[in-house]
2 protein chains.
Amino acid sequence: MTSTEHGARPAVRPTRQRLAVAAALAGFDDFRSAQEIHDLISRQGDSVGLATVYRTLAALADAGEVDMLRNEDGEAIWRSCSDTHHHHLVCRTCGATVEVEGPAVERWTNAIASEHGFAEISHTLEIFGTCPACR
Amino acid sequence: MTSTEHGARPAVRPTRQRLAVAAALAGFDDFRSAQEIHDLISRQGDSVGLATVYRTLAALADAGEVDMLRNEDGEAIWRSCSDTHHHHLVCRTCGATVEVEGPAVERWTNAIASEHGFAEISHTLEIFGTCPACR
DNA sequence: GATCGGTTTGACAACGGTTCTCAACTACCG
DNA sequence: CGGTAGTTGAGAACCGTTGTCAAACCGATC
Ligand SMILES: [Zn+2]
Ligand SMILES: [Zn+2]
Ligand SMILES: [Zn+2]
Ligand SMILES: [Zn+2]
């Protein structure tokens, strides 16, 4: 390791491409597919390969800077999110998203899990619907 | 409509293929992909086209006789389940599955959704962990 | 049993999202 | 600068899933 970082991180460079993806994400407040993000970047004159968009999104998700979840068709969709644990209420039509928290739900899932002797619990909880604007 | 049924159902025939899929499902107590189900049927000497497996699973899911959810890769996986609404506690290692119910959670999701004016609500809630046997 | 119309099937092609490949390129350091 | 490791992009490959459509099947009817 040659970097001056003290962690074991392999040096992530702030390239033009990665900045473009970050900017695109900042421009959305709802969940978007990799292709939609790629399209937006192109439409803005900037050019970033689709593979790079995927790579960057995966890295950001890995670092916890974006949330990735899957729509009902199984496609991955991404959104930059607050860093505290939360869930989402997502419009099936336009992608409008509301972050929601539910301490009771968190307690419930943990209770259920330990009741059955399960350890290392994680959970997914997403709510889909049609938002007021799309009705 | 020519059937003697009183519903509007379009007459579903209990063909050899559909019975084979149902039998395969009965042989599993955990979630499996369409291809795994197809493989099991083949391995048992029976032969059913993959497309038919997909069609049958989709129909069963539609009729509420099997649950379909998506693993972390976005692939659809199926399991025959009780016909009441419920969620799953799934072992990340061996796939062991426990059906769980949570009226409070159902109430919470509906409340959150209508609070934000969303309609036609659906939700996904799955809990993943390591079961007692796998620890 | 023969006939007939709608249902079902399966081999195969097509599709679409995602990942892989690898040579060219770039940022960073000394 | 020159070296080196990280990064990129075009396109191919991958793979789960869905569409196509002619042939097979089933049940009802004659
Ligand atoms: Zn909407
Ligand atoms: Zn949670
Ligand atoms: Zn287990
Ligand atoms: Zn529920």
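The minimum heavy-atom distance linking B:Val98 with A:His116 is given by the pair CG1-CE1, 3.5 Å.
Salt-bridge annotation for A:Glu99 and A:Arg79: present, with a side-chain N of the basic residue lying under 4.0 Å from a carboxylate O of the acidic one.
Closest to the side chain of B:Glu75, out of C:dT18, D:dG16, C:dG10, is D:dG16. Nearest nucleotide to the A:Gln17 side chain, out of C:dT18, D:dG16, D:dT8: D:dT8. Picking from C:dT19, C:dT9, D:dT17 the nucleotide with the shortest atom distance to the side chain of A:Tyr54 gives C:dT19. Across D:dG16, C:dT18, C:dT9, the shortest atom-to-atom separation from the side chain of B:Arg18 is found for C:dT9. For A:Ala51, the side-chain atoms get nearest to D:dA10 when compared with the rest of D:dA10, D:dT17, D:dT8.
Side-chain contact, A:Thr84 with A:Glu101: no donor N or O sits under 3.5 Å from an acceptor N or O.
The shortest distance between the side-chain N/O atoms of B:Gln35 and the OP1/OP2 oxygens of D:dG16 is below 4.0 Å. When the side-chain nitrogen and oxygen atoms of B:Thr15 are compared with OP1 and OP2 of C:dT7, none of them lie within a distance under 4.0 Å. Side-chain nitrogen and oxygen atoms of B:Arg16 include at least one within less than 4.0 Å of the OP1 or OP2 phosphate oxygen of C:dG10.
For the pair B:Leu50 CG and D:dC15 C1', the computed distance is 11 Å after rounding to whole Å. Between B:Leu57 atom CG and D:dG16 atom P there is a gap of 15 Å when expressed in whole angstrom units. The interatomic distance linking A:Met68 (CE) with C:dT18 (P) rounds to 8 Å, in whole Å. Going from atom CD of A:Glu36 over to atom P of C:dG17 covers 10 Å, rounded to whole Å. Rounded to an integer number of Å, the gap from CG of A:Asp62 to C1' of C:dT19 is 16 Å. In this structure, A:Glu72 places its CD atom 17 Å from C1' of C:dG17, rounding to the nearest Å. The separation between B:Arg70 atom CZ and D:dC15 atom C1' is 14 Å, rounded to whole Å. Following rounding to the nearest Å, B:Ile41 (CD1) and C:dT9 (P) show an atom-to-atom distance of 11 Å.
Counting atom types as modelled, A:Arg55 pairs a side-chain N or O with a base atom of D:dG9 as donor and acceptor under 3.5 Å.
Residue order along DNA chain D, read from the 5' end via each residue's closest nucleotide, puts A:Thr52 first among B:Pro14 and A:Thr52.
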Decide side chain to side chain contact (heavy atoms under 4.5 Å, CB included) for A:His86 and A:Asp67; before the verdict, give the C-alpha distance in whole Å, the side-chain angles of both, and the deciding distance to 0.1 Å. CA-CA 10 Å; A:His86 60 270; A:Asp67 281 359; 3.1 Å; yes
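When heavy atoms are screened at a 4.0 angstrom cut-off, A:Ser47 is found touching the sugar-phosphate backbone but no base atom.
Residue A:Val48 is tested with A:Leu19, A:Thr56, A:Val53 for a side-chain contact (heavy atoms from CB on, under 4.5 Å); the sole match is A:Val53.
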